[in-house]
Amino acid sequence: MTQPANAIPRAYEAGAVERRIYQNWWDSGYFAPHANPSGEPFCIVMPPPNVTGELHLGHALTASLQDALTRWHRMRGDPTLWLPGKDHAGIATQWVVERALADEGTNRHDLGRDAFEQRVWEWVERYGNTIDEQHRRLGASCDWSRLRFTLDPGPVRAVRTTFVNLFSKGLIYRHERIINWCPRCATALSDLEVDYEERDGKLYYIRYPLADRADDYVTVATTRPESMLGDTGVAVHPDDERYQDKIGRMTLLPIVGREIPVVGDPAIEIEFGTGALKVTPGHDVVDFEIGERHGLPIVNIIGFDGCITDAAGPKYAGMERFAARAAVAEELEALGLLERVEDYHHAVGQCQRCSEVVEPLISLQWFLNVGQHTDPNSIAGRAYAAVANGTIEIVPERFTRVYLNWLENIRDWCISRQLWWGHRIPVWYCADCGGFAAHVEDPTACEACGSAAIQQENDVLDTWFSSGLWPHSTLGWPEEGSDDLSEFYPNSVMETGYDILFFWVARMIMLGIENTGQIPFRSVYLHGMVLDAEGQKMSKTRGNTLDPLDLLEQYGTDALRFALTTGTAPGNNLRLSDEKLESARNFANKIWNAARFVITAIEGRNDLDDWHDLIAPEHREDRWIVGRLDALTAAVNESLAEFELGEAQQKLYDFVWNDFCDWYIEMAKVRLRDGDSGAAVTLVHVLERSLRLLHPFMPFVTEEIWQNLTSRVPAPAEGLPPSIMVADYPQVRSVRSAPDAESEMDVVMQTIRAVRNIRAQLRIPAAQRLEAAIETNGLRTVVEEEREAIRVLARVEPLRVLDGDAAQSAAGVSLVVNPLVVRLPLAGIVDLDAESQRLDQELENTRRNQERVEQLLANAKFVSKARPEVVEKERERLHSLTEQRERIEDIIAQLSA
RNA sequence: GGGCGGUUAGCUCAGAUGGUUAGAGCGUCUGCUUUACACGCAGAAGGCCGGGGGUUCGAGUCCCUCACCGCCCA
C-alpha cells in the first residue's frame with residue numbers, strides 16, 4: 001500500500017520500520033542460500049557467541065561486517081550462506097552458573113555432576129535465545145534454519161570423531177606434565193588462557209647454606225618464597241665466575257632441611273638477581289625444564305586447591321599459598337636467612353576467566369601433539385604452510401607474520417579441562433583390565449576384556465577444541481554426502497576479531513586441514529576492538545560499556561552499523577562516540593530526505609519508463625552524474641572485494657551527499673520546474689542504484705525507501721524483485737563514462753562556487769540580487785545550456801552570456817574560472833583599489849603555481865623518467881595556468897586603463 | 001628480550017601500485033525560515049603528515065635511525 005508522498009515523515013524513523021522489514025525478509029525465505037549455477041558459493045560461518053551471553057558492541061561490529069559481505073554476495077547472485085551458531089563456552093558458562101549457585105549459597109559439588117549439568121542446560125534454555133533475537137535486531141541476514149550449537153548432536157559427533165581419529169593416530173595422549181592450573185576454577189588451562197598482568201610484588205633474597213660448610217651459602221632471589229618448600233636444586237650459569245666453586249656441591253634447603261645440589265645450566269641469566277636460581281620443578285615451567293635436564297626430583301607442595309600439601313611438611317600443610325608466602329618469609333627472617341626484600345614489578349599469570357593467579361603444577365592431562373611447524377606432515381606444519389604459501393589469505397596482511405610466529409613456537413595443546421560443562425572426553429576406562437579406549441558411540445563393555453565395568457573419563461575438552469571444528473562441523477561433517485559441506489566448504493571468509501587469532505583461527509586451520517584435508521576458509525578477515533570515546537577498552541568493571549540495543553533504539557540500526565564500520569581500516573581498533581553515531585544517523589536521514597524529494601518530484605509523471613537502465617542520457621548533468629555513479633559502482637565493488645568496507649562506505653557517503661544531493665538534486669530542481677523529464681528519470685535511476693549500493697551496509701532504510709520508490713515507477717520489462725535484498729548489486733558492465741561532461745560540469749560548479757565565495761567575502765546577503773555577465777571564451781554552448789543552473793545556484797539575476805572576448809567594463813569584480821570570466825558589476829560595494837588588490841593576489845598565486853610547474857617541466861630528468869601520462873598532465877596544467885594568468889593580467893590592465 | 005601497530009587539522013580518523021596546492025566527520029567562525037532534509041544549506045579558518053638521515057626527477061607513502069603511546073609473544 002503506497003502512502004501519498006506528502007505523508008512520508010520528514011525524518012527517518014528507524015524504529016517504526018525495522019521489525020516489520022526484518023520479519024518480512026525472514027518470511028520470504030531470503031536468508032537461505034539460493035542455487036545459481038553461474039554464481040560462486042559464498043559462505044561465512046558466524047563466530048558462535050557464548051550461549052549465555054548478551055550482545056555487546058564487538059558482536060554488533062562482527063555482525064555488521066559479516067552481514068554486509070553476505071548481502072553483497074547474495075545480491076551478486078552467489079548462492080550465499082551465513083550460518084549462525086552458538087558456543088557452549090565451557091569454562092565461561094560454567095563460571096557464570098557457579099557464581100549464580102554461590103549466590104544461592106550452594107555449589108556444584110553439593111549438586112553433583114548430573115544436577116549441575118541440568119542446571120546449566122536450564123540457563124541455556126533461558127538465556128540462549130537472547131543473542132539470536134539481538135542479532136535479528138541488527139538486521140543479520142543469517143539462515144536461522146541452520147542455527148547450530150556446539151553441543152548439538154552433529155557437532156558432538158564431529159568432536160568425538162575428531163578425538164577418536166587423533167587418538168588412534170597417537171596424536172592425542174595422556175601425560176603427567178606441568179600445566180597452568182586455576183585453583184578457583186579448579187581446572188587446567190592452556191597456555192593461551194593465562195593472561196599476564198604487571199603487578200607490584202617483592203623480590204626475596206634467601207640464603208641457602210652449603211651442606212658441608214654452614215658459614216658459606218648461595219643467595220637466591222625469588223618472587224614466590226613459599227615455593228622454596230618444593231625446591232630440589234639451585235641453578236647458576238656454568239660460566240658465572242662467582243659460583244665456580246659451588247657448582248656440584250650441596251646446599252641445605254632452609255626450613256625443609258633437604259640437601260639439594262647446585263647445578264650449572266646455561267638457561268640462567270647471570271644478570272638477574274644474584275645469578276642463582278632456586279629450582280622448583282613442580283611449580284614453575286622453566287624450573288621444570290631445568291629439573292628435567294639435571295634429573296632433579298619433583299616435589300608437589302601446592303595442591304589443586306591452592307593450599308600447601310603434606311609434601312611440604314606438617315608445619316605448612318593445608319595453609320593457603322599466599323598465607324604461606326608470608327609465613328615462610330617470616331620464618332626465614334627469624335632464621336636470619338632472609339638477606340633482603342626488594343620491591344619488584346613483575347608479570348603474574350592469571351586465569352583469563354576469573355582473574356585468579358594461576359599455579360603451575362604437575363598434573364595428568366590430555367594433550368594434542370601438534371608437532372613442529374617445520375614438519376610438513378604435522379598438524380602445525382600443515383597449518384603453517386597453508387598461510388605461508390598463501391592458500392589462506394589473512395587480512396590485514398600484517399597478521400600473517402603474527403600467526404606464523406605463534407606456530408613457530410607452538411607446544412602441545414592441553415585439551416582436557418576439569419569442568420563439568422562441555423564435551424566429555426570420549427574415553428572409557430576399564431576397572432577390570434585397566435585398559436582404556438576412545439569411542440565415537442558410548443560403549444557398553446571394555447573392548448579389550450569385555451568387562452562391563454567401564455567408566456567414562458571425567459574431564460571435558462577445551463571449548464576451543466569444538467570451536468576449532470566449526471567451519472566443517474556446522475556443515476554436516478563427518479556425515480558422508482552432506483550437501484552443505486560440498487557446497488560451502490571451504491568457507492569463503494572467516495571474519496572475527498584479531499584477539500582470537502590463536503585461540504580460534506589457528507585451531508580451525510589446524511583441525512580443519514586435519515579432518516577434511518582442505519583449508520577451512522580462503523580468507524581470514526580480522527577486525528579490531530571497539531573502544532569507548534576515550535580509547536579505553538570497554539568492560540563491565542570499567543563501567544564504560546554501551547549496549548548495542550540502546551544505541552540502535554536511539555540512532556537506528558543502520559546508523560549503528562554504519563558508525564561501527566566506517567572510518568576504520570581492517571584490523572584497526574575503533575573508537576565509538578556519540579558524534580560518530582550522530583553523523584551516521586544524519587546520513588541515514590539525508591538519504592531518506594533525498595528520497596522524499598525524488599518521490600515528490602515524480603508524483604503524477606508518466607514519462608519514467610527508462611529509469612531502470614538509463615543507457616544513454618543526453619543532458620550534460622545527467623551524463624555527469626551517471627558517469628560519477630558508474631565510477632562509484634566500480635570503486636565500491638573493488639573495495640568490497642578487498643574487504644575495505646570502510647572505504648566503500650566513505651565513497652558512498654561522499655557520492656550521495658556531495659555529488660547527488662548537493663549538486664545534482666539542486667540542479668535538477670531547476671530543470672524540473674521547466675518540465676524536463678530527463679531529470680526525473682535520472683533522479684530515480686541514480687537514487688535507486690545508490691540504494692542498492694548502500695543496502696549491504698544500511699539494510700533497513702534502503703529497503704524502506706526502495707519499496708516506496710519502486711512502487712511508484714513503472715516496472716522494467718524484466719520485472720522488479722520483491723525486495724532490494726534480492727535485487728542485483730550494481731556492476732559496471734559498459735561504463736557510461738563522460739569525460740567531456742565531467743570537465744564541463746567542473747567549470748560550471750567552479751563558477752557557482754566562485755560567485756558564492758565572493759558573495760560571502762563581500763557579505764552580500766543571499767537575498768540580494770546580483771547581476772552577472774559571463775565571458776564564455778569558447779565555452780558558449782556549455783554556459784548557455786547551464787545558464788539556468790548557474791543563475792539559480794549562484795543566485796545571480798540577471799545573468800548575461802557574452803561572446804568570447806567582448807570588451808567589458810572592468811568596474812566591479814571579475815572572477816577568472818578558466819576559461820570563463822565572470823563579471824560582477826558591484827560598483828558601490830567594491831572600490832577599484834580593493835578589487836585590484838584582490839586581483840594582484842590572485843595573479844601572484846597563479847604565477848607561483850605556474851612557475852612551479854614550469855620548473856618541473858624544465859627538469860630533463862622529470863620529463864625523461866616520470867610516466868608519460870604524468871608529464872602530459874603537468875603540460876596541460878601549465879597550459880591552463882598560463883591562460884589563467886593572461887586573463888588576470890588582461891583584467892588588471894583594463895582596470896588601470 | 002623478540003615482534004607488531006600507532007604518531008596526519010582543536011578532537012576522532014581515512015589516505016592501492018611514490019606523482020596537482022594532503023582529505024572526511026565532529027568541533028570552531030560567518031551568513032541563511034533557498035518550497036527533500038536545521039539530523040539542513042552556503043562560505044571560511046585551521047596541517048614543517050612525531051624528530052633526524054637516506055633512496056628518487058619527485059616521499060605522508062619506500063629504506064635506516066631515534067623518541068613517545070598502545071598491543072602481542074616470551
Side-chain angles (χ1 to χ4, degrees), chain A residues 5 8-12 191-192 196 269 285-286 347 396 398-402 404-406 408-409 498-499 501-502 528-529 531 533-535 537 555-556 559 563 566-569 571-601 635 638-639 642 644 646-647 649-651 653-654 657-658 661-662 665-666 669 673 683 752-753 755-761 763-767 792-795 845 848-849 852-853 855-867 869-871 873-874 876-878 881:
Chain A
I8 302 173
R10 286 166 69 90
Y12 172 56
D191 295 341
L192 279 176
Y196 290 88
E269 274 182 64
V285 178
V286 173
R398 63 175 184 273
F399 284 103
T400 303
R401 199 63 246 159
V402 179
L404 295 176
N405 281 343
W406 185 72
E408 282 159 14
N409 299 302
Y498 66 69
D499 55 331
L501 178 60
F502 308 142
M529 304 295 113
L531 310 175
E534 272 71 52
K537 203 171 172 180
Y555 297 100
T566 309
T568 178
N572 287 2
N573 294 344
L574 85 142
R575 298 187 187 195
L576 191 66
S577 59
D578 288 337
E579 292 78 51
K580 206 173 266 179
L581 288 158
E582 271 169 28
S583 146
R585 177 204 57 191
N586 294 353
F587 182 48
N589 191 55
K590 187 74 180 175
I591 302 166
W592 180 257
N593 273 291
R596 227 158 56 89
F597 172 79
V598 173
I599 287 169
T600 311
E638 222 170 276
S639 293
E642 285 159 20
E644 298 279 0
E647 269 194 43
Q649 291 177 94
Q650 189 62 52
K651 286 168 189 157
Y653 182 100
D654 290 343
W657 205 303
N658 302 327
C661 291
D662 288 349
I665 287 183
E666 291 308 317
K669 284 177 183 173
R673 266 172 236 163
L683 279 169
I752 294 166
R753 279 203 196 97
V755 176
R756 284 170 171 173
N757 184 307
I758 201 81
R759 188 192 277 275
Q761 252 179 50
R763 308 203 178 284
I764 300 167
V792 174
L793 297 194
R795 302 182 151 264
N845 289 346
R848 267 209 307 263
N849 229 330
R852 193 182 49 78
V853 181
Q855 270 169 24
L856 193 59
L857 285 167
N859 184 336
K861 283 186 173 170
F862 170 73
V863 178
S864 63
K865 290 193 173 180
R867 285 201 311 270
E869 61 267 30
V870 173
V871 178
K873 225 164 86 181
E874 294 298 331
E876 277 166 26
R877 194 196 322 283
L878 180 60
L881 284 167

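Computed from heavy atoms alone, side chains included, the values below leave out hydrogens, waters and symmetry copies. Here is the naming used below: chain letters follow the sequence lines, and residue numbers restart at 1 for every chain.
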Chemist: With A:Lys669 as the cation and A:Phe597 as the aromatic partner, state whether NZ or CZ is under 6.0 Å from the six-membered ring centre and within 45° of the axis.
Modeler: yes

Chemist: Under 3.5 Å, is there a donor on one side chain and an acceptor on the other for A:Asn589 and A:Arg585?
Modeler: no

Chemist: Considering only atom P, compute the distance from B:G10 to B:C29 and round it to an integer number of Å.
Modeler: 16 Å

Chemist: Quick check: do A:Glu874 and A:Phe862 have side-chain heavy atoms less than 4.5 Å from each other?
Modeler: yes

Chemist: For the residue pair A:Asn573 and A:Tyr498, confirm or rule out a side-chain donor-acceptor distance under 3.5 Å.
Modeler: yes

Chemist: Between the protein and nucleotides 54-59 of chain B, list every N/O to N/O distance that falls short of 3.5 Å.
Modeler:
{"unit_1": "B:C57", "atom_1": "OP1", "unit_2": "A:Lys865", "atom_2": "NZ", "d": "2.1"}
{"unit_1": "B:C57", "atom_1": "O2'", "unit_2": "A:Asn859", "atom_2": "ND2", "d": "3.0"}

Chemist: Using both distances under 3.5 Å as the test, list the Watson-Crick or G-U wobble partner of B:G46, or none.
Modeler: none

Chemist: Distance check: side-chain N/O of A:Asn586 vs OP1/OP2 of B:G40, anything under 4.0 Å?
Modeler: yes

Chemist: Determine the interatomic distance between C1' on B:C11 and the same-named atom on B:G43; round to the nearest Å.
Modeler: 23 Å

Chemist: Round to a whole Å and report the spacing from CH2 of A:Trp406 to P of B:C71.
Modeler: 21 Å

Chemist: In the strands shown, is B:G1 matched to any nucleotide by a Watson-Crick or G-U wobble pair with both distances under 3.5 Å, and which?
Modeler: B:C73

Chemist: Sort me out a list of protein N/O and nucleotides 9-14 of chain B N/O pairs below 3.5 Å, or just none if empty.
Modeler:
{"unit_1": "B:U12", "atom_1": "O3'", "unit_2": "A:Arg575", "atom_2": "NE", "d": "3.3"}
{"unit_1": "B:C13", "atom_1": "OP1", "unit_2": "A:Arg575", "atom_2": "NE", "d": "2.8"}
{"unit_1": "B:C13", "atom_1": "O2'", "unit_2": "A:Gly567", "atom_2": "O", "d": "2.7"}
{"unit_1": "B:A14", "atom_1": "OP1", "unit_2": "A:Asn572", "atom_2": "ND2", "d": "2.8"}

Chemist: Say we look at B:G50 and B:C41: how far apart would their C1' atoms be, to the nearest angstrom?
Modeler: 38 Å

Chemist: As a quick check of understanding, evaluate side chain to side chain contact (heavy atoms under 4.5 Å, CB included) for A:Asn658 and A:Tyr653, giving each step before the final call.
Modeler: CA-CA 8 Å; A:Asn658 302 327; A:Tyr653 182 100; 6.0 Å; no

Chemist: Between B:U8 and B:C69, how many Å separate the two C1' atoms, rounded to a whole number?
Modeler: 16 Å

Chemist: Using atom C1' in both nucleotides, what's the gap between B:G47 and B:G23 to the nearest angstrom?
Modeler: 11 Å

Chemist: Where each residue is assigned the nucleotide of RNA chain B containing its nearest heavy atom, which of A:Phe587 and A:Gln761 is assigned the position nearer the 5′ end?
Modeler: A:Phe587

Chemist: Can you measure A:Lys873 atom NZ to B:U21 atom P for me and round it to whole angstrom units?
Modeler: 11 Å

Chemist: Do the non-hydrogen side-chain atoms of A:Leu404 and A:Thr400 ever get within less than 4.5 Å of each other?
Modeler: yes

Chemist: Roughly how many Å is it from CZ in A:Arg759 to C1' in B:U30, rounded to a whole number?
Modeler: 15 Å

Chemist: Keeping A:Trp592 on the side-chain end and A:Pro9 on the backbone end, is there a donor-acceptor pair under 3.5 Å?
Modeler: yes

Chemist: Could you identify the nucleotide paired to B:U7, looking across every strand shown and requiring Watson-Crick or G-U wobble geometry with both distances under 3.5 Å?
Modeler: B:A67

Chemist: Base, sugar-phosphate or nothing for A:Tyr498? Non-hydrogen atoms, less than 4.0 Å.
Modeler: nothing

Chemist: Measuring only the C1' atom in each nucleotide, how far is B:C26 from B:U65? A whole number of Å is fine.
Modeler: 36 Å

Chemist: What is the distance, rounded to the nearest whole Å, between atom CG of A:Leu501 and atom C1' of B:G5?
Modeler: 14 Å

Chemist: Starting from P on B:A44, measure out to CD1 on A:Ile764 and report it in whole angstrom.
Modeler: 15 Å

Chemist: Whole Å only: how far is the CG atom of A:Asp499 from the C1' atom of B:G70?
Modeler: 15 Å

Chemist: Within the 3.5 Å criterion, strictly below it, is a donor on A:Asn859 or A:Gln855 matched to an acceptor on the partner's side chain?
Modeler: no

Chemist: Tabulate protein N/O versus nucleotide N/O from nucleotides 32-37 of chain B, keeping only pairs under 3.5 Å, one per line.
Modeler:
{"unit_1": "B:U34", "atom_1": "O4'", "unit_2": "A:Arg795", "atom_2": "NH2", "d": "3.2"}
{"unit_1": "B:A36", "atom_1": "OP1", "unit_2": "A:Lys669", "atom_2": "NZ", "d": "3.2"}
{"unit_1": "B:A36", "atom_1": "O3'", "unit_2": "A:Arg596", "atom_2": "NH2", "d": "3.2"}
{"unit_1": "B:A36", "atom_1": "O2'", "unit_2": "A:Asn593", "atom_2": "OD1", "d": "2.5"}
{"unit_1": "B:A36", "atom_1": "O2'", "unit_2": "A:Arg596", "atom_2": "NE", "d": "3.3"}
{"unit_1": "B:A36", "atom_1": "O2'", "unit_2": "A:Arg596", "atom_2": "NH2", "d": "2.7"}
{"unit_1": "B:A36", "atom_1": "N7", "unit_2": "A:Lys669", "atom_2": "NZ", "d": "3.2"}
{"unit_1": "B:A36", "atom_1": "N6", "unit_2": "A:Cys661", "atom_2": "O", "d": "3.3"}
{"unit_1": "B:A36", "atom_1": "N6", "unit_2": "A:Glu666", "atom_2": "OE2", "d": "3.1"}
{"unit_1": "B:A36", "atom_1": "N3", "unit_2": "A:Asn593", "atom_2": "O", "d": "3.1"}
{"unit_1": "B:A36", "atom_1": "N3", "unit_2": "A:Ala594", "atom_2": "N", "d": "3.2"}
{"unit_1": "B:C37", "atom_1": "OP1", "unit_2": "A:Arg10", "atom_2": "NH1", "d": "2.8"}
{"unit_1": "B:C37", "atom_1": "OP1", "unit_2": "A:Arg10", "atom_2": "NH2", "d": "3.2"}
{"unit_1": "B:C37", "atom_1": "O4'", "unit_2": "A:Asn593", "atom_2": "OD1", "d": "2.9"}
{"unit_1": "B:C37", "atom_1": "O4'", "unit_2": "A:Asn593", "atom_2": "ND2", "d": "3.4"}
{"unit_1": "B:C37", "atom_1": "O2'", "unit_2": "A:Asn589", "atom_2": "ND2", "d": "3.2"}
{"unit_1": "B:C37", "atom_1": "O2", "unit_2": "A:Lys590", "atom_2": "NZ", "d": "3.0"}
{"unit_1": "B:C37", "atom_1": "N3", "unit_2": "A:Lys590", "atom_2": "NZ", "d": "2.8"}

Chemist: Determine the interatomic distance between C1' on B:C13 and the same-named atom on B:U55; round to the nearest Å.
Modeler: 30 Å

Chemist: Just name whichever nucleotide pairs with B:A16, Watson-Crick or G-U, keeping both distances under 3.5 Å, else none.
Modeler: none

Chemist: Could you give me the CA-CA distance, side-chain angles and deciding distance for A:Leu856 and A:Leu878, then say whether side chain to side chain contact (heavy atoms under 4.5 Å, CB included) is met?
Modeler: CA-CA 10 Å; A:Leu856 193 59; A:Leu878 180 60; over 6 Å; no

Chemist: Side chains of A:Leu531 and A:Leu576: does their closest heavy-atom pair fall under 4.5 Å?
Modeler: no

Chemist: Would A:Lys580 and A:Thr566 count as a side chain to side chain contact (heavy atoms under 4.5 Å, CB included) here? Give the steps.
Modeler: CA-CA 9 Å; A:Lys580 206 173 266 179; A:Thr566 309; over 6 Å; no

Chemist: In plain terms, say whether A:Arg401 and A:Glu408 are close enough for a salt bridge, that is, a side-chain N and a carboxylate O under 4.0 Å apart.
Modeler: yes

Chemist: Across the strands shown, which category fits A:Arg848 at heavy-atom distances under 4.0 angstrom: base, sugar-phosphate, nothing?
Modeler: nothing

Chemist: Measure CG/A:Leu581 against P/B:C39 and give the value in whole Å, please.
Modeler: 16 Å

Chemist: Any side-chain to backbone donor/acceptor pair from A:Asn593 onto A:Arg10? Under 3.5 Å, distance only.
Modeler: yes

Chemist: Strictly by Watson-Crick or wobble contacts shorter than 3.5 Å, is anything paired with B:A36, and which nucleotide is it?
Modeler: none

Chemist: Whole-Å distance between B:A16 P and A:Lys651 NZ?
Modeler: 10 Å

Chemist: Could you work out the separation of B:C63 and B:G19 based on their P atoms and round it to a whole Å?
Modeler: 15 Å

Chemist: Here's a test of your reading of the structure: between A:Asp654 and A:Ala588, which maps to the more 5' nucleotide of RNA chain B?
Modeler: A:Asp654

Chemist: Students often get this wrong, so: under 4.0 angstrom with heavy atoms, is A:Tyr653 touching a base, only sugar-phosphate, or nothing?
Modeler: sugar-phosphate

Chemist: Does any non-hydrogen side-chain atom of A:Lys873 lie less than 4.5 Å from one of A:Val870?
Modeler: no

